[in-house]
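Below, chains carry the letters A, B, ... as their sequence lines are ordered, and counting in each starts from 1. This one's a predicted model, so the numbers in the text were calculated from it and none came from an experiment.
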Amino acid sequence: MYALVDGNNFYVSCERAFRPSLVGRPVVVLSNNDGCAIARSNEAKALGIAMGAPWFKIQHLAESSELVALSANFALYGDLSDRMMSLAAGLGPKQEIYSIDESFIDLTGVRGNLVERSFKIRSRILQWVGIPCCIGIGPTKTLAKLANHVAKTAERKPGIYPEQLAQICDFGSLSPDAFELVLAATPVQEVWGIGRRIAEQLNAGGVMTALDLIRIDAATIRAKFSVVVERTVRELQGTACMDLDDAPAPKKEIACTRSFGHPVTALSDLNEAVTHFASRAAEKLRKQGSTAQQLMCFIRTSPFRQDAQYSRSVCMPLRRPTADTATLVTAALSGLKGIYRPGFNYAKAGVMLMDLQADTVHQRELAFDEQEEIRDRSPLMATLDGLNQRFGRGTVLMASAGLAGERRAWVMKQERRTPAYTTCWDDMAIAKA
DNA sequence: TCTGGGGTCCTAGGACCC
DNA sequence: TCTGGGGTCCTAGGACCC
């Protein structure tokens, strides 16, 4: 048996934990650059705000419906996530942290009443961290995920599922008939692994609900779709095809990409931005103990503007695997120089590190070129990371990143950000008697 | 005026090998 | 006139996830 513990409207709940006045109000959290809604409170969902709705299209609701919009505050969300995860881990012996707000728990060997135990964990997370969550339980990960969907929907929209399934839903405790009713009330697109495209094709073939899907035999699905969809169907039918992954593998690629706060035209501005992205990507790379053998750099205009369009990327093979910021920034800037064309309004740029390998692997080289000195700068990088961790991101950076004091067009817009209450001394909330 | 960021996996087809 | 069989690796594109 698996459980899925999932924070409700997670980013919004994090904001509410420190601003209780937001409880009961329609709230959205905006993406970087205050672009579009990436989290919505139940009240905001009730206003009809879609996931990913552009802010400028829903902004009028701030006046008419007292909608509150906040800039994403990932420092806060990450920290509250850690706290929630450590409490969720108490549900069973093994945990897989699947995303910032979700974790699977392996319930093997857990005795007693799973539903009661889940309610206890849920109320502990609510009391200690301030995040409401729902828990789904099922014999496979896909079923646990579906049970979680049922638990959340039963709480938010009465009438679709039995109300006793709200907050905690254990498929294991449902009769076969009750289970079928639940599946029949679930659109096929709500199943984990069935996205918009596959759902369209299924719907066209008359497969509308999870119950319809579960009744198709796996071989037919395999023939019509793929082994991926087949796995989803088998999981729905109760055959576990996915194990709990409690030790995630290192990333195979690491990216840092951003949209700009304002259109950028000058190469000098792009140089600063790309320096930042390459530096940040390099930092992530070192954190996971990897080196990169290839770097990709891209720039693009906005596809949403009636403007001359330009989009190009370039791959830069590296002389040898590296996690050195200076080397990576140099490669990124030289790539950028090659693809930059003047006269465009650039909206976004990014750096991706690829062909990663463990930094414990060292390829010996013959010294063909006596002039070339291979210097190990990893102690310097460790110092750099240490300073930036202790005194804050950007304390020490490459000169080509530019000076932070100046107003820079490419810096992303974050006009409604709340304080980093739990990760910055200056932002700490003060309790008044 | 204003539309996010960061990942993974699978498949088909081409190039190439013996 | 007749033109094999089996395999690997790489890439691009599509689909999915949060």
Side-chain angles (χ1 to χ4, degrees), chain A residues 4 6-11 28-40 49-60 62 69-74 77-78 81 96-104 141-142 145 148-149 152 188-202 221-232 235 241-242 245 248-263 277 280-281 284-285 288 294 296 298 300-307 313 315 345 347-356 409 412-416:
Chain A
L4 180 72
D6 187 329
N8 298 352
N9 313 326
F10 186 67
Y11 297 165
V28 293
V29 170
L30 302 175
S31 63
N32 276 340
N33 243 345
D34 296 343
C36 53
I38 53 171
R40 305 156 294 155
I49 298 173
M51 185 66 170
W55 169 234
F56 71 92
K57 286 189 183 170
I58 56 174
Q59 200 169 4
H60 64 276
L70 300 168
S71 303
N73 182 349
F74 290 112
Y77 311 151
S81 170
E96 171 189 341
I97 295 175
Y98 178 68
S99 74
I100 192 161
D101 68 329
E102 292 170 70
S103 69
F104 287 102
K141 285 166 85 172
T142 303
K145 191 89 170 143
N148 186 278
H149 167 78
K152 274 198 283 191
V188 76
Q189 227 216 284
E190 301 300 338
V191 174
W192 189 41
I194 305 296
R196 191 169 50 85
R197 286 294 168 80
I198 307 272
E200 274 171 18
Q201 294 175 53
L202 285 168
I221 288 287
R222 172 76 173 257
K224 272 198 159 163
F225 296 95
S226 67
V227 64
V228 186
V229 184
E230 180 194 3
R231 205 147 51 202
T232 293
E235 283 246 322
C241 305
M242 290 183 268
D245 185 10
K251 300 219 180 306
K252 296 173 181 174
E253 44 192 46
I254 286 175
C256 183
T257 69
R258 290 282 179 283
S259 298
F260 303 137
H262 300 277
F277 304 155
R280 177 76 188 114
K284 293 188 201 173
L285 184 69
Q288 84 157 20
Q294 194 166 190
M296 189 271 270
F298 75 86
R300 62 172 306 164
T301 53
S302 168
F304 300 108
R305 282 173 67 117
Q306 304 295 315
D307 226 2
S313 67
C315 279
N345 287 312
K348 187 172 180 175
V351 169
M352 281 182 79
L353 305 179
M354 299 177 303
D355 297 354
L356 309 189
M412 67 185 175
K413 200 161 65 181
Q414 287 195 306
E415 290 170 350
R416 306 148 182 277

- Roughly how many Å is it from CD in A:E253 to P in B:dG7, rounded to a whole number? 8 Å
- Task: Would you give the length of the straight line joining atom NZ of A:K141 to atom CD of A:E96, rounded to the nearest 0.5 angstrom?
- Result: 3.5 Å
- Message: I want to check one thing: is the phosphate of B:dG6, taken as OP1 and OP2, less than 4.0 Å away from some side-chain N or O of A:T257?
- Response: yes
- Rounded to the nearest 0.5 Å, how far does CD1 of A:I49 lie from NZ of A:K57? 13.5 Å
- Between atom CD of A:Q414 and atom CG of A:N33, what is the distance when rounded to the nearest 0.5 Å? 8.0 Å
- If you look at every heavy atom in A:F10 and A:Y77, which pair is closest and at what distance? CE2-O, 3.7 Å
- Item | A:Q306 CD to B:dC2 P, straight-line distance once rounded to whole Å | 11 Å
- Note on the structure: Whole-Å distance, A:K251 NZ to B:dG7 C1', equals 7 Å
- Message: Please tell me if A:K348 has a side-chain N or O lying less than 4.0 Å from either OP1 or OP2 of B:dT3.
- Response: no
- A:K413 side chain near B:dT1 phosphate (N/O to OP1/OP2, under 4.0 Å): no
- Identify whether any heavy atom of A:V229 sits under 4.0 Å from a base atom; if not, whether one sits that close to sugar-phosphate; answer base, sugar-phosphate or nothing. nothing
- Item | Least distance between heavy atoms, A:L356 atom then A:Q288 atom | CD1-NE2, 3.9 Å
- Message: Looking at A:S259, I'd like to know whether one of its side-chain N or O atoms comes within less than 4.0 Å of OP1 or OP2 on B:dG5.
- Response: yes
- In this structure, CZ of A:F260 is separated from OG of A:S302 (nearest 0.5 Å) by 11.5 Å
- Message: Return whichever of A:F260 or A:V227 has its heavy-atom-nearest nucleotide of DNA chain B closer to the 5' end.
- Response: A:F260
- Interatomic distance, A:R222 CZ vs B:dC10 C1' [rounded to whole Å]: 11 Å
- To the nearest Å, give me how far apart CD (A:Q59) and P (B:dT1) are. 14 Å
- When the distance from CG of A:L70 to P of B:dG4 is rounded to whole Å, what number comes out? 18 Å
- Rounded to the nearest angstrom, tell me the gap between atom CZ in A:F56 and atom P in B:dT3. 7 Å
- Nearest-nucleotide comparison on DNA chain B, the residue closer to the 5′ end among A:P54 and A:V228: A:P54
- Task: Let me have a per-nucleotide readout for nucleotides 12-18 of chain C, 5' to 3', with B, S or -, counting only protein heavy atoms under 4.0 Å.
- Result: ---SSSS
- A:N32 near the nucleic acid: base, sugar-phosphate alone, or nothing, with a heavy-atom cut-off under 4.0 Å? sugar-phosphate
- Query: Rounded to the nearest 0.5 Å, how far apart are CG of A:L285 and CG of A:L353?
  - Reply: 5.5 Å
- Distance between the P atoms of B:dT3 and C:dC18, in whole angstroms? 25 Å
- Task: Output yes when at least one side-chain N/O atom of A:R305 is less than 4.0 Å from OP1 or OP2 of B:dT3, else no.
- Result: no
- Item | Shortest side-chain distance from A:A255, nucleotide among B:dC10, B:dG7, B:dG5 | B:dG7
Ignoring hydrogens and angles, write down the donor-acceptor pairs under 3.5 Å from the side chains of residues 192-200 of chain A, residues two or more places apart or on other chains.
{"unit_1": "A:W192", "atom_1": "NE1", "unit_2": "A:Y98", "atom_2": "OH", "d": "3.4"}

- What heavy-atom pair brings A:I254 and A:A281 nearest, and what distance separates the two atoms? CG2-O, 3.8 Å
- From A:S259 OG over to A:K413 NZ, what is the distance, rounded to the nearest 0.5 angstrom? 11.0 Å
- Starting at atom CD of A:Q288, determine the distance to atom P of B:dG6, rounded to an integer number of angstrom. 14 Å
- Note on the structure: In DNA chain B, consecutive runs of at least three Watson-Crick or G-U pairs below 3.5 Å, as range with range, amount to B:5-18 with C:5-18
